[in-house]
Every structure is written in structure tokens, then in C-alpha cells.
Visitor: 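The structure's right below; bear with me while I get my questions together.
Everything quoted here is computed from the prediction, not taken from an experiment. For reference, positions follow the sequence shown, starting with 1.
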Amino acid sequence: RELEQVQTETRPLKGLASTTFKSEFQTDNFPTGVYFVDAMVQYDGKQRRTNTSFLIGAKNIELVNYTSILTPGFMDFDLLLRNLWGNPLRGVYAQLFVNGQQLLHTPSVDVPPWESASLGGIINVELSPGNYTGVMKVFFDQESRDFPITLRIKPEVLPLPLEKEIQQT
């Protein structure tokens, strides 16, 4: 679907020379997403089409993935975030809450435009086996966003004693 059509001025072009045309249009009311541009260039009675795509973003962040299966005790917890904006997001960090208790506070990182970054830390899981809902609170550029998450706590697996140890007892 065509959203807008823009026409540039006509300009002469000498042989083997180049020129640049600039055209602007307002995108404030466009939703975030990928957009496609189709350009028609007319010269010497000929036409040539060219196209490209561009992103329109918003100052926002997305939780792409996180460690969702845990076991009791100390363990690594990782999460992957994606910047949905065309500018860097600075001072990005996350806090994990389950049953109102904070289990994790990550170090902060800067996330480049349109890119992803990993955050993580060590958590101490003191929950009984089962499924839990929680909140991953992500802070960025003096803003924050809450992501509902689900965690599965598996029972701790104890190592089996070696045969030699069994005979000694």
C-alpha cells in the first residue's frame, strides 16, 4: 500500500557527472516497522526504478529471550534484549522479580541502534520446584518497561555415588 508520494525538482545532469536529490516527509504518525521506498528516476527519455527499505523505530526495548529453566542454588541467569530505536539506549539494566522478591540486578550496558545485547548475572534460586510467574523490569534512558515472564524450577539433581563409595559404607 502506498503511504505517500514525493516528487523532487528537475535538475540537469552533465555526462559522467552525478547529483543527489533529497526529499523529506513526516513519519511521526507511522507505526514502527520496516518500510519500503520505490524511486522512479527519469533521464534522457528513459526511466529507471530503484528501491530500498528503512526502519522506523520508537524509543523502546524488547526482551528477546531469557533463562527460563532453573535449579535450586546459585546459577547463571542470562537475558537478551533488542533496541527498537535508531539511537543508542544508554545505561540499560534489568531486575528480575519473583513473588515480589528481587532475584537479580544486572550490570548496565549501552545498546547500539537496532542491535541486541546480552545481560546477566548470578542468582540464588531458593524456590521449590514448580512453575512461577515473575517480572523482568528493564531500565533504559531514564525509562523502564516490565515484561511478564515464566520460570520453571526443576528439582536439584544429585550425583549418584560411585560404586567404590557404596562398598565402603
Visitor: I'd like to know if Asp141 pairs up with Arg90 as an ion pair, taking the criterion as any Lys NZ or Arg NE/NH1/NH2 lying under 4.0 Å from an Asp or Glu carboxylate oxygen.
Guide: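 Result for this pair is no, no salt bridge flagged.
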Visitor: Report yes or no: does Asp110 contribute a side-chain atom to a donor-acceptor pair with the main-chain N or O of Gly91 at less than 3.5 Å?
Guide: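 Looks like yes, one N/O pair under 3.5 Å.
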Visitor: Check the pair Leu119 / Leu81 against side-chain contact (heavy atoms from CB on, under 4.5 Å), numbers first and verdict last.
Guide: CA-CA 8 Å; Leu119 292 172; Leu81 301 170; 3.4 Å; yes
Visitor: Is any side-chain heavy atom of Asn99 closer than 4.5 Å to a side-chain heavy atom of Tyr132?
Guide: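 They are in side-chain contact.
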Visitor: Give a yes-or-no answer on whether the side chains of Asn60 and Glu62 include a donor-acceptor pair shorter than 3.5 Å.
Guide: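 The answer is no; no qualifying pair exists.
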Visitor: Can you hop from Trp85 to Phe139 via hydrophobic side chains spaced under 4.5 Å?
Guide: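 In one cluster: no.
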Visitor: Is the backbone of Thr150 close enough, under 3.5 Å, to the side chain of Tyr66 for a donor and an acceptor to pair up by distance?
Guide: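 Side chain of Tyr66 to backbone of Thr150, a donor-acceptor pair under 3.5 Å: yes, one is there.
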Visitor: Taking C-beta and beyond as the side chain, do Leu79 and Leu63 meet within less than 4.5 Å on heavy atoms?
Guide: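 The answer is yes; the side chains approach within 4.5 Å.
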Visitor: Please report the interatomic distance CE(Met40) to CD(Gln47), rounded to the nearest 0.5 Å.
Guide: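 It comes to 4.5 Å.
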Visitor: If we only count heavy atoms from C-beta on, is the Asp76 to Ile122 side-chain gap below 4.5 Å?
Guide: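 They are in contact (side-chain heavy atoms under 4.5 Å apart), so the answer is yes.
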Visitor: Quick one: does Phe54's side chain get under 4.5 Å of Val37's, heavy atoms only?
Guide: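 Of all side-chain heavy-atom pairs linking Val37 with Phe54, at least one is under 4.5 Å.
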Visitor: Salt bridge check: are Glu143 and Arg145 linked by an N-O gap of less than 4.0 Å?
Guide: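 Arg145 and Glu143: not salt-bridged.
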Visitor: Could you give the distance from CD1 (Ile123) to CG (Asp78), rounded to the nearest 0.5 Å?
Guide: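 Here the rounded value is 10.0 Å.
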Visitor: State plainly whether one hydrophobic cluster holds both Val125 and Met136, where clusters connect Ile, Leu, Val, Met, Phe, Trp and Tyr through side-chain heavy atoms under 4.5 angstrom apart.
Guide: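 Yes: a chain of side-chain contacts under 4.5 Å links Val125 to Met136.
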Visitor: Before giving the answer on side-chain contact (heavy atoms from CB on, under 4.5 Å), spell out for Thr133 and Ile149 the whole-Å C-alpha distance, their side-chain angles and the decisive distance to 0.1 Å.
Guide: CA-CA 6 Å; Thr133 57; Ile149 63 165; over 6 Å; no
Visitor: Can the positive tip of Arg11 be found less than 6.0 Å from the middle of the six-membered ring of Phe21, inside 45° of the ring normal?
Guide: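 Relative to the ring axis of Phe21, which defines the angle, Arg11 lies inside both limits.
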Visitor: Answer yes or no: is there a side-chain heavy-atom contact under 4.5 Å between Tyr93 and Val109?
Guide: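 With C-beta onward as the side chain, the pair stays apart.
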Visitor: Do Thr71 and Ile153 have side chains that approach each other closer than 4.5 Å (heavy atoms only, starting at C-beta)?
Guide: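 When only atoms from C-beta onward are counted, Ile153 and Thr71 do not touch, as no gap falls below 4.5 Å.
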Visitor: Between Asn83 and Pro112, is there a donor-acceptor pair closer than 3.5 Å when you use the side chain of the first and the backbone of the second?
Guide: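 Pair found, side chain donor or acceptor close to backbone of Pro112.
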Visitor: Any donor-acceptor pair under 3.5 Å linking the side chain of Ser144 with the backbone of Val138?
Guide: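 Not confirmed, Ser144 side chain does not pair with Val138 backbone.
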Visitor: Could you tell me if the side chain of Phe77 sits less than 4.5 Å from the side chain of Met75, heavy atoms only?
Guide: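 Contact flag for Met75/Phe77 side chains = no.
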Visitor: Got Trp114 and Arg82 here, is their nearest side-chain heavy-atom distance under 4.5 Å?
Guide: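 They are not in contact (no side-chain heavy atoms under 4.5 Å apart), so the answer is no.
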